[in-house]
Amino acid sequence: MAREPDPFWWRDADAGGRPRPVTGGIQIHATRGAVARTWWSARFLAVLESLVAGGRLARGRSYARAGQTLDMRVDPGSVTATVQGSRPEPYRVRIGVTTYGKPEWARVEEALAADAWYAATLLAGSMPPEIEGLFATLGLALFPADGRDLVMDCSCPDHAVPCKHLAAVFYLLAERFDADPFEVLALRGRDRETLLANLRSRRAAVAAHDATGPAGPGAEEPAAPPLAEVLDDFFAAGPGLDDARRVVPVPTAPDALLDQVPGFAIAVRGRKLADLLRPVYWTLGDTS
């Protein structure tokens, strides 16, 4: 009888043996071929592939596919994980990326809010290629350019950095980025909820400015007459209210209605229905 292929055909250089099997580890879904399915995920992996020799890259993919990663945590500027090798104690892996502070993100959000298409595309689960250029015009980088933009560390005895354990975590990250492009921005220091809230606020401010126009220099509100002098027509419509064109609507975000309705019990491929509808509301409400 022919023997089944050994899924752990590689050898763990740190101990000269096979990696210990893991139950319930984190696995990537790509069982063969390229891992990245989107351009932004591929851009992130390009740094890894420029640094790692082919053998370690292949072993890192094998670790990721076999579920050798026990846990992984993604925080602003930091990714930490534990990866099981051949030794009893799992290895501690850390990847660090520079985060941007409030001044940098304020400039990014102002540029993104100038065109609702960016927010709509991100909410639709995609990332427009132009966003990388937008960051560049502000003197910022969306993706690490090379190994100097990353801090990489693993507790294994392998002298090479990145090792196969780091490579495995890179592949898990790439697949996570594929599923949600907001994760790329979160790694740089801005989470999804904060980013969207700030974009809505900036878009509403732009809409209010366009609707009312800037006040002239030194402009002051006219003083209201005493109540006793206007009792006869206090409840009458003021001048111009019969002309709908003079009524200035209160600016609201295009998707504000979705925040007022009760949560839908329906989910599509794990995503809330309200999040799937937001891009439509933003697109229809964009008057710029």
Side-chain angles (χ1 to χ4, degrees), residues 38-41 43-44 74-77 97-145 149 176-217 219 245 247-261 263-264 268 271-288:
T38 59
W39 75 266
W40 59 89
S41 181
R43 284 283 289 111
F44 180 76
V74 181
D75 294 306
V97 180
T98 301
T99 58
Y100 298 130
K102 290 183 178 180
E104 290 82 8
W105 272 110
R107 289 190 286 129
V108 171
E109 289 165 353
E110 183 178 3
L112 291 175
D115 191 338
W117 173 70
Y118 283 108
T121 305
L122 287 167
L123 283 167
S126 185
M127 181 180 285
E130 293 81 1
I131 196 172
E132 190 173 10
L134 181 146
F135 270 75
T137 60
L138 300 173
L140 306 172
L142 179 58
F143 302 100
D149 292 341
R176 184 163 173 164
F177 292 159
D178 274 334
D180 186 0
F182 281 97
E183 292 281 357
V184 178
L185 304 175
L187 193 60
R188 283 295 193 186
R190 184 60 90 226
D191 64 87
R192 175 192 181 103
E193 289 73 20
T194 303
L195 176 64
L196 290 179
N198 290 347
L199 290 182
R200 291 189 192 104
S201 177
R202 289 181 179 275
R203 291 288 297 175
V206 171
H209 180 275
D210 293 343
T212 61
R245 291 173 298 176
V247 178
V248 179
V250 177
T252 57
D255 61 345
L257 178 62
L258 294 175
D259 296 324
Q260 306 301 318
V261 298
F264 296 97
V268 180
R271 299 186 61 192
K272 295 180 180 179
L273 184 59
D275 287 343
L276 295 174
L277 291 174
R278 288 187 192 278
V280 179
Y281 280 72
W282 275 85
T283 301
L284 293 176
D286 185 20
T287 58
S288 60

How many angstroms lie between atom CG of Leu142 and atom CE of Met127, to the nearest 0.5 angstrom?
-> 5.5 Å
Rounded to the nearest 0.5 Å, what separation is found between the CZ atom of Arg188 and the CG atom of Leu195?
-> 15.0 Å
Is the closest side-chain heavy-atom distance between Leu196 and Phe182 below 4.5 Å?
-> yes
Shortest non-hydrogen pair, Ala113 vs Leu199, comes out as N-CD2, 3.8 Å
Might you work through the side chain to side chain contact (heavy atoms under 4.5 Å, CB included) test for Asp180 and Arg192, ending with a clear yes or no?
-> CA-CA 10 Å; Asp180 186 0; Arg192 175 192 181 103; 3.8 Å; yes
Do the non-hydrogen side-chain atoms of Leu134 and Tyr118 ever get within less than 4.5 Å of each other?
-> yes
What distance do Leu112 atom CG and Glu110 atom CD have between them, rounded to the nearest 0.5 Å?
-> 10.5 Å
Heavy-atom distance under 4.5 Å between the side chains of Phe177 and Val74, does that happen here?
-> no
So Tyr100 and Leu140, side chain to side chain contact (heavy atoms under 4.5 Å, CB included) or not? Walk me through it.
-> CA-CA 9 Å; Tyr100 298 130; Leu140 306 172; 3.8 Å; yes
State, to 0.1 Å, how close Phe44 and Pro144 come at their nearest heavy-atom pair, and which atoms those are.
-> CD1-CD, 4.3 Å
Does a side-chain heavy-atom distance below 4.5 Å link Thr137 with Arg107?
-> no
Hey, are the side chains of Asp149 and Thr98 touching, using non-hydrogen atoms and a 4.5 Å cut-off?
-> no
Which atoms form the tightest heavy-atom contact between Phe135 and Leu185, and what is the distance?
-> CZ-CD2, 4.1 Å
Only counting residues at least two apart or in another chain, list the ones meeting salt bridge (Lys or Arg N to Asp or Glu O under 4.0 Å) with Glu132.
-> Arg43
Rounding to 0.5 Å, atoms CD (Glu130) and CH2 (Trp117) come to a distance of 4.0 Å
Atom pair CG/CD of Asp191 and Glu183 - distance to nearest 0.5 Å = 10.0 Å
Which atom of Thr99 lies closest to which atom of Pro76, heavy atoms considered = CG2-C, 3.5 Å
How far does OG1 of Thr121 sit from CD1 of Ile131, to the nearest 0.5 angstrom?
-> 9.0 Å
